[in-house]
Amino acid sequence: MTTIPGERATDWSDERWQMRARSWVDAQLSRAGRRVTGLVEARVRPWSLVWRVPTDDGPVWFKANNPGTVHEAVLITALAELTPDRVLTPIGVDPEQGWSLLPDGGESLRDVLARDSDLAHWERALPGYAALQLASAPHADELVARGVPDQRPEVLARLFAELLDDREALLIGAEGGLSPQLHERLRAEVPSYAQRCRRLADIGIPATVQHDDLHDGNVFAGRDGYRYFDWGDASVAHPFGTLLVTLRSIADARKLAADDANWSGCATPTWRRGPSVTTAEPWSRPPTSRSVWDR
């Protein structure tokens, strides 16, 4: 979930906006030889609006992003070009508006796990995501240039300092915000945090696309393999950052400790290690007994 404090979001309830968006959807479907056959079903969140649109060839999904996630339309277009077997190919996108129209992806990994909670499903799903990251890594600079947020280790300390300077957004001293004492403690941590970021960058694992919300509800589990969607929170960053949400979501669903070695290892891609780490590969064999973080 990404929003930009102080930046005005589109009023998705505005009738003129809805007419313009529906005309755009109609035009994209017409180019694909399809047409709308019923009323749309809306799902509204602070960060996006989603319409389920019935058509003569099954439902499609229109998404409008707020200013904080507008880059999603650009990113899904790029990923469809780089890794077409790992994402849905858009029927249409409008990068400037932050609009996208996607085909239906079928059931999600969450649907599968509701029937069968075996972690083997995650073991099969995550290597494909690692492969997507590997395919995207050589294009990191291009993705940033096209508007995907840059959160690589080299810039994280600056972003952290800028966030701490935004007292209004942090609600310093206000209800629901940071206390002045915690704010000062965080500011004191900036130099050591910058040093840790430099150490992380020096390891040499290449930055790539990082989903940042990869839980079982954002993975399609179809007959053609796993496909990853809902990229509004994504950035170009250290690849392992994805696992923060993934491991927590698995732990929460199974009521496990986050550091349980019997399951956390199954969710970590295998990265080739050597004197200089410049390449990586998806799992050749998913580890099941301990996490690679312990190596």
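Fair warning: this is a prediction, and the values are worked out from it, not measured in the lab.
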Under 3.5 Å, is there a donor on one side chain and an acceptor on the other for [X] and [Y]?
{"X": "D26", "Y": "S23", "answer": "no"}
{"X": "N66", "Y": "T69", "answer": "yes"}
{"X": "R110", "Y": "H215", "answer": "yes"}
{"X": "T242", "Y": "Q210", "answer": "yes"}
{"X": "W61", "Y": "D104", "answer": "yes"}

Side-chain donor/acceptor of [X] to backbone N/O of [Y], under 3.5 Å:
{"X": "H71", "Y": "R146", "answer": "no"}
{"X": "R34", "Y": "D57", "answer": "yes"}
{"X": "R152", "Y": "P206", "answer": "no"}

How about [X] and [Y]: do any of their side-chain heavy atoms sit closer than 4.5 Å?
{"X": "H139", "Y": "E81", "result": "no"}
{"X": "L132", "Y": "H211", "result": "no"}
{"X": "H121", "Y": "D216", "result": "no"}
{"X": "Q18", "Y": "E15", "result": "no"}
{"X": "D56", "Y": "T37", "result": "yes"}
{"X": "E162", "Y": "D166", "result": "no"}
{"X": "P103", "Y": "T89", "result": "no"}
{"X": "S100", "Y": "E72", "result": "no"}

Compare every heavy atom of [Y] with every heavy atom of [X], then report the nearest pair and how far apart it is.
{"X": "S235", "Y": "Q151", "result": "OG-OE1, 3.4 Å"}
{"X": "V70", "Y": "P95", "result": "CG2-O, 4.0 Å"}
{"X": "P127", "Y": "W122", "result": "CD-O, 4.3 Å"}
{"X": "L101", "Y": "V60", "result": "CD1-CG2, 3.8 Å"}
{"X": "V209", "Y": "Y129", "result": "O-OH, 4.0 Å"}
{"X": "T208", "Y": "Q133", "result": "OG1-O, 2.6 Å"}

Going from [atom1] on [X] to [atom2] on [Y], what distance comes out if it is rounded to the nearest 0.5 angstrom?
{"X": "L88", "Y": "I76", "atom1": "CG", "atom2": "CD1", "result": "8.5 Å"}
{"X": "T55", "Y": "R35", "atom1": "OG1", "atom2": "CZ", "result": "9.0 Å"}
{"X": "D233", "Y": "D212", "atom1": "CG", "atom2": "CG", "result": "6.0 Å"}
{"X": "D213", "Y": "T246", "atom1": "CG", "atom2": "OG1", "result": "8.5 Å"}
{"X": "R124", "Y": "L126", "atom1": "CZ", "atom2": "CG", "result": "11.5 Å"}
{"X": "L79", "Y": "W231", "atom1": "CG", "atom2": "CH2", "result": "5.5 Å"}

Would [X] end up clustered with [Y] when hydrophobic side chains under 4.5 Å apart are linked, directly or stepwise?
{"X": "W24", "Y": "W51", "answer": "yes"}
{"X": "V36", "Y": "W99", "answer": "yes"}
{"X": "I250", "Y": "L244", "answer": "no"}
{"X": "V74", "Y": "Y228", "answer": "no"}
{"X": "L171", "Y": "L163", "answer": "no"}

Decide side-chain contact (heavy atoms from CB on, under 4.5 Å) for L49 and W17; before the verdict, give the C-alpha distance in whole Å, the side-chain angles of both, and the deciding distance to 0.1 Å. CA-CA 12 Å; L49 163 77; W17 183 91; 3.4 Å; yes

Quick one: do D11 and R16 make a salt bridge, cutoff under 4.0 Å? no

Check ion pair R185-E189 (N to O, under 4.0 angstrom): no

Scan L75, V148, D141 and name whichever one has a side-chain contact (heavy atoms from CB on, under 4.5 Å) with V236. V148

Please walk me through it: do I205 and F240 pass side-chain contact (heavy atoms from CB on, under 4.5 Å)? CA-CA 9 Å; I205 294 174; F240 294 170; 3.9 Å; yes

